Amino acid sequence: MLDRLFRPKLSEDDKERVPPGQYVTEKWPVLHYGSVPRVDLATWDFKVWGEVESPYTFDWAGFQQMPRASIHTDIHCVTRWSRLDMDFEGVPIRHILERAGLRDTARFVVSHAEQGYTANLPLEILDDEDVLLADKADGEPLAPEHGYPLRLVVPKRYFWKSSKWIRGLQFLPKDQLGFWERYGYNNNADPWKEERFSDD
Ligand SMILES: Nc1nc2c(c(=O)[nH]1)N[C@H]1C(S)=C(S)[C@@H](COP(=O)(O)O)O[C@H]1N2
Ligand SMILES: [Mo]
């Protein structure tokens with residue numbers, strides 16, 4: 001509520017960057033279902049499976065050896081806050097996809113996170129140069145509540161599609177609804193079209 005009262009004054013340029021029905025927050029809110037998992041890097045792993053030629057698993061040391069990239073982006077939560085000018089750093093999703101060798105039958109993806117959280121996307125949304133497996137935000141390792149050690153970042157969709165504490169990607173021939181999507185949120189989740197709920 002304080003956020004709403006002290007809404008920052010936005011320049012005309014910045015206003016155009018805020019999707020319909022969103023307000024800008026200066027601090028980074030924390031939002032998730034359940035509790036913050038305690039993650040041990042020594043036993044952490046990440047699985048890539050489903051409609052791929054080469055399913056594989058990597059550990060934290062393996063992740064450190066992958067090529068890196070950073071993105072500068074705005075994030076938009078379906079609960080109506082947006083945060084502008086965030087920097088995320090990590091491994092481009094295209095590196096993960098290339099190594100897996102997607103089959104023609106791979107059309108959709110489900111990200112799997114700690115404690116059973118899932119979020120689904122069509123492949124063409126995931127397979128983009130602005131999508132990262134991020135281990136840093138604004139120059140710092142992710143805080144536990146923001147997804148330590150690793151989260152997905154999908155800038156073009158409401159932020160629930162960006163799974164925190166991600167542990168794997170499953171490629172599928174058909175769409176399979178994720179956690180919030182089953183709960184009545186909109187499957188497409190484009191903030192610019194205000195696709196919040198399934199009947200929007
Ligand atoms: N594992 C997991 N990831 C999740 C969620 C969740 O409940 N569990 N919530 C999503 C939602 S609704 C939002 S808005 C963002 C919030 O990320 P933040 O807490 O870093 O702002 O995480 C997304 N990723
Ligand atoms: Mo959200």
Side-chain angles (χ1 to χ4, degrees), residues 1-4 8 17-41 44-48 60 63 70-90 93 96 109-121 125-126 130-170 176-198 200:
M1 202 56 206
L2 277 180
D3 247 7
R4 287 175 174 278
R17 293 163 58 189
V18 184
Q22 298 290 111
Y23 67 92
V24 169
T25 175
E26 301 250 288
K27 53 179 178 37
W28 188 5
V30 172
L31 216 133
H32 54 260
Y33 179 80
S35 56
V36 175
R38 221 172 287 134
V39 178
D40 179 2
L41 292 186
W44 183 92
D45 65 5
F46 191 106
K47 290 188 164 54
V48 180
W60 190 248
F63 182 74
S70 53
I71 56 167
H72 184 86
T73 190
D74 305 333
I75 59 175
H76 312 292
C77 174
V78 71
T79 64
R80 297 184 181 274
W81 58 263
S82 290
R83 189 162 189 255
L84 306 183
D85 295 309
M86 296 209 58
D87 289 297
F88 290 99
E89 190 187 317
I93 206 69
I96 304 292
V109 62
V110 172
S111 58
H112 291 260
E114 302 281 349
Q115 302 172 344
Y117 185 83
T118 52
N120 59 308
L121 289 165
I125 299 298
L126 184 82
D130 63 354
V131 177
L132 281 190
L133 282 179
D135 59 354
K136 285 185 165 179
D138 294 339
E140 300 290 333
L142 287 177
E145 64 274 21
H146 288 301
Y148 174 90
L150 195 64
R151 77 176 302 155
L152 187 62
V153 178
V154 185
K156 290 196 196 64
R157 290 295 178 261
Y158 281 124
F159 210 35
W160 88 74
K161 299 277 188 183
S162 296
S163 294
K164 304 196 272 192
W165 314 297
I166 188 170
R167 293 290 299 273
L169 290 170
Q170 177 185 18
Q176 188 177 292
L177 296 184
F179 179 84
W180 290 116
E181 292 82 1
R182 278 197 295 266
Y183 209 74
Y185 283 81
N186 190 287
N187 196 24
N188 196 46
D190 181 347
W192 294 98
K193 297 182 184 158
E194 252 199 295
E195 294 170 329
R196 297 178 195 276
F197 305 107
S198 52
D200 283 340

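In what follows, every heavy atom counts, from backbone to side chain, and hydrogens, waters and symmetry copies are set aside. Predicted model, so just to flag it, every value in this text is computed and none were measured. Indexing begins at 1, ligand by ligand and atom by atom, following the structure's order.
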- Look at Arg38 together with Asp40 and state whether they make a salt bridge at an N to O cut-off of under 4.0 Å.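 Salt bridge flag = no for Asp40 with Arg38.
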- Message: Any salt bridge linking Arg17 with Asp85? Criterion: basic side-chain nitrogen under 4.0 Å from a carboxylate oxygen.
- Response: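 Asp85 and Arg17: salt-bridged.
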- Query: Mind checking whether His146 and Trp28 have parallel, tilted or perpendicular rings, split at 30° and 60°?
  - Reply: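 Geometry flag for Trp28 against His146: parallel rings.
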- Task: Kindly assign one of parallel, tilted or perpendicular to the pair Phe179 and Tyr117, based on the angle between their ring planes and the thresholds 30° and 60°.
- Result: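 Aromatic pair Phe179/Tyr117 classed tilted.
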Present, as a list of atom pairs with distances to 0.1 Å, all nitrogen or oxygen contacts under 3.5 Å between ligand 1 and the protein.
from, atom 1, to, atom 2, distance (Å)
ligand 1, 1 (N), Lys164, O, 3.0
ligand 1, 3 (N), Lys164, N, 2.9
ligand 1, 7 (O), Tyr33, N, 2.7
ligand 1, 9 (N), Leu31, O, 3.4
ligand 1, 17 (O), Arg151, NH2, 3.2
ligand 1, 19 (O), Leu31, N, 2.8
ligand 1, 19 (O), Lys164, NZ, 2.5
ligand 1, 20 (O), His146, ND1, 2.6
ligand 1, 20 (O), Arg151, NH1, 2.7
ligand 1, 21 (O), Trp28, NE1, 3.0
ligand 1, 21 (O), Pro29, O, 2.8
ligand 1, 22 (O), Arg151, NH2, 3.4
ligand 1, 24 (N), Ser162, O, 3.1

- Does the pair Tyr185 and Phe197 meet the rule for a ring-ring contact (aromatic ring centres under 6.0 Å, His included), with working shown? CA-CA 4 Å; Tyr185 283 81; Phe197 305 107; 5.3 Å; yes
- Message: Please determine whether ring-ring contact (aromatic ring centres under 6.0 Å, His included) holds for the pair Trp165 and His32, giving the CA-CA distance in whole Å, both sets of side-chain angles, and the decisive distance to 0.1 Å.
- Response: CA-CA 11 Å; Trp165 314 297; His32 54 260; 5.0 Å; yes
